[in-house]
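Just so it is clear, the structure is predicted and the values come from calculations on it, not from any experiment. The analysis underlying the following values was restricted to heavy atoms, covering all of them including side chains, and did not include hydrogens, waters or symmetry mates.
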Amino acid sequence: MIERTSIAKLSEFAEQKVTICGWTEKIRDQKTVQFIVLRDETGSVQLVREKVEGDSVCSTISDLSTDSVVQVIGVVKIDPRVKLGGLEVQIEDVVVLSKADPIPINEETSLDKRLDWRFIDLRSSRNRLIFEVQTELERSYRTTWEEEGFIEIHSPKLMGAASESGAELFRVDYFDTSAYLAQSPQFYKQMAMAAGFGKVFEIGPVFRANPSFTSRHDTEFTSVDVELSWVDSHEDVMNFEQHLLSRMLKDISDKFKDEIQSMFGVDVVVPKLPFPRIKLADAIEIVERSGHKIERTDGDLDPEGERRIADYVLKEFGHQFVFLTDYPATVRPYYHMRHAEDQTLTKSFDLVWKGLEITTGAQREHRYDILVNQAIEKGLELPPLQFYLDFFRYGMPPHGGFGMGLTRVLMILLGLKNVREVTFLYRGPNRLTP
RNA sequence: GGACCUGUGGUGCAGCUCGGAGUGCACGCCGGCCUGUCAAGCCGGAGGUCGCGGGUUCAAAUCCCGUCAGGUCCGCCA
């Protein structure tokens with residue numbers, strides 16, 4: 001490794017000689033003095049060099065271009081004149097490790113064009129923060145799972161048959177046959193229940209072949225999936241999820257509250273428990289009373305309805321989250337358990353955060369005969385599903401779980417308008433590169 | 001898949017209604033000036049088949065038709 005001091009730690013090295021490495025953010029080449037603002041992963045610092053005729057270091061600096069990668073040896077000087085951190089490094093030597101061509105994007109560039117140059121776009125401290133927050137989010141989730149005795153699984157992404165959730169599938173060549181890319185780990189996390197794993201989680205990619213042209217969809221995204229055995233109802237699943245989320249928001253708040261406020265202008269609110277619950281039928285009534293006519297006829301809420309119910313919950317309960325429960329069986333897959341007293345309603349829920357759906361969950365139907373009947377009722381062909389249905393023939397505990405769109409959570413958390421902003425490399429109907 | 005919107009130097013825009021020489025602004029880039037800058041400042045410069053094709057016209061970035069690319073919302077969904 002190159003022996004270097006990170007820029008964030010420079011204040012500990014006053015009057016000492018250090019080596020620092022990074023990207024040249026600004027080069028201000030004046031007649032008698034030269035300044036460079038250098039950035040590494042930890043921050044930015046000003047470098048200075050007195051300009052002398054015929055000095056080779058000075059001419060190296062004069063030839064530098066913005067965003068070149070350099071290694072600098074110099075002495076750290078505390079200097080209150082410097083607005084950037086009150087210190088600077090007096091340059092003794094500069095080595096250009098990689099000279100940059102003119103940068104094709106800037107802060108004003110539209111998202112789509114920035115995505116073409118994502119590796120440059122990600123250099124900004126704002127974008128770096130997104131992924132630091134994502135890392136903390138996943139770390140927090142893992143801490144909860146570890147405390148609660150969860151087992152991590154990695155389910156296959158190549159499948160022989162659809163894991164039914166309504167979404168379209170990508171088909172890929174698979175030797176002399178075809179395979180599908182998994183749209184969800186649904187079947188496999190349920191298999192883990194049959195295997196007696198008790199509680200499992202997976203953070204992994206899922207693929208949706210829907211030509212969805214919106215700011216909240218992608219064709220490949222990271223899904224956070226959880227499944228729990230021995231639940232009494234979907235209420236147990238919601239209780240676990242609200243615990244997971246509130247803990248995560250507390251951890252994010254402790255670590256990044258101020259940074260998120262200054263970079264994104266968003267206040268990270270640690271939600272109170274329990275999250276409000278509203279039955280979908282009641283939610284629809286509330287939305288329609290607010291003056292929004294729901295055009296769709298299948299009994300589900302539309303996006304405007306989700307925003308309105310979120311407004312209502314914020315006003316009535318002062319809460320950013322709301323569980324919408326008891327979806328009609330018509331808009332839920334066959335493996336969602338139905339209420340014993342009302343077969344038209346499922347023991348399922350969506351979680352809406354600030355008006356956006358981030359989760360679907362349910363208690364699953366674990367009784368083989370009922371499950372098969374519900375599949376038939378939905379008009380599904382049984383033979384391709386048999387491997388899945390077999391999970392339920394040899395002892396399956398009652399269980400439930402949920403799937404959470406990681407990018408949607410991050411987007412809402414940071415107050416951003418598009419999942420592309422929070423996805424390392426976005427994949428959509430019109431984008432497969434870089 | 002449906003509706004709507006946008007394509008103008010490297011980037012972001014204005015110009016389009018009401019046709020008149022590629023006109024303008026900001027950022028960036030190149031050169032010069034400037035004894036400490038720090039959103040640096042000042043002076044100068046380069047850089048464009050106005051997405052593409054056709055039509056109307058003496059004349060099209062501007063009007064009409066087509067086409068391609070991208071976006072937003074809806075549907076699908078996390």
Hydrogens and angles aside, do A:R277 and A:Q242 bring a side-chain donor and acceptor to less than 3.5 Å of each other? yes
Among B:G71, B:G36, B:A78, which is the nearest nucleotide to the side chain of A:E88? B:G36
If you check every side-chain atom of A:D112, which of B:C27, B:G36, B:G71 has the closest atom? B:G71
Taking any heavy-atom pair under 4.0 Å as a contact, classify A:T360: base, sugar-phosphate, or nothing. sugar-phosphate
Checking all strands, does A:R420 fall into the base, sugar-phosphate, or nothing category for heavy-atom contacts under 4.0 angstrom? sugar-phosphate
Tell me if the centroids of the rings in A:F170 and A:F207 come within less than 6.0 Å of each other. no
Which is true for A:R332 with a 4.0 Å heavy-atom rule: it touches a base, it touches only sugar-phosphate, or it touches nothing? nothing
Give one of base, sugar-phosphate or nothing for A:D350, where a contact means two heavy atoms less than 4.0 Å apart. nothing
Need one value for A:I105: base, sugar-phosphate or nothing, where a base atom within 4.0 Å counts as base even if backbone is also close, heavy atoms only. nothing
With a 4.0 Å cut-off on heavy atoms, is A:V82 in touch with a base, just the backbone sugar-phosphate, or nothing at all? base
Would you classify A:K26 as touching base, sugar-phosphate or nothing, given that sugar-phosphate means primed atoms plus P, OP1 and OP2, and contacts are heavy atoms under 4.0 Å? sugar-phosphate
Examine B:G12: is either OP1 or OP2 under 4.0 Å from a nitrogen or oxygen in the side chain of A:S110? Give yes or no. yes
Can any side-chain N or O of A:R338 pair as donor or acceptor with the backbone N or O of A:T346 at less than 3.5 Å? no
A:P211, nearest nucleotide to its side chain (from B:U35, B:G1, B:C76): B:G1
Toward the 5' end of RNA chain B, which comes first, A:L84 or A:P303, by nearest nucleotide? A:L84
May I ask you to decide whether A:E88 forms a salt bridge with A:K77, counting only side-chain N to carboxylate O separations under 4.0 Å? no
Taking the side chain of A:P104 as its heavy atoms from C-beta onward, which of B:G10, B:U35, B:A78 lies nearest to it? B:G10
Mind checking A:D116 for me? I need base, sugar-phosphate or nothing, with any heavy atom below 4.0 Å counting as a touch. nothing
Base, sugar-phosphate or nothing for A:F402? Non-hydrogen atoms, less than 4.0 Å. nothing
Can you check whether A:N430 has a side-chain N or O nearer than 4.0 Å to OP1 or OP2 of B:A69? no
Rounded to whole angstrom units, what separation is found between the CG atom of A:N106 and the P atom of B:A39? 18 Å
Could you check which of B:G12, B:U72, B:G36 has an atom nearest any side-chain atom of A:K113? B:G12
With a 6.0 Å cut-off on ring centres, are A:H366 and A:F392 close enough? no
Flag, side chain of A:S68 to backbone of A:L64, donor-acceptor distance under 3.5 Å: no
Using a 4.0 Å heavy-atom cut-off across all strands, classify A:N418 as base, sugar-phosphate, or nothing. sugar-phosphate
Sugar-phosphate, base or nothing in reach of A:T66, heavy atoms under 4.0 Å: sugar-phosphate
Touch check for A:S223, heavy atoms < 4.0 angstrom, all strands: base, sugar-phosphate only, or nothing? nothing
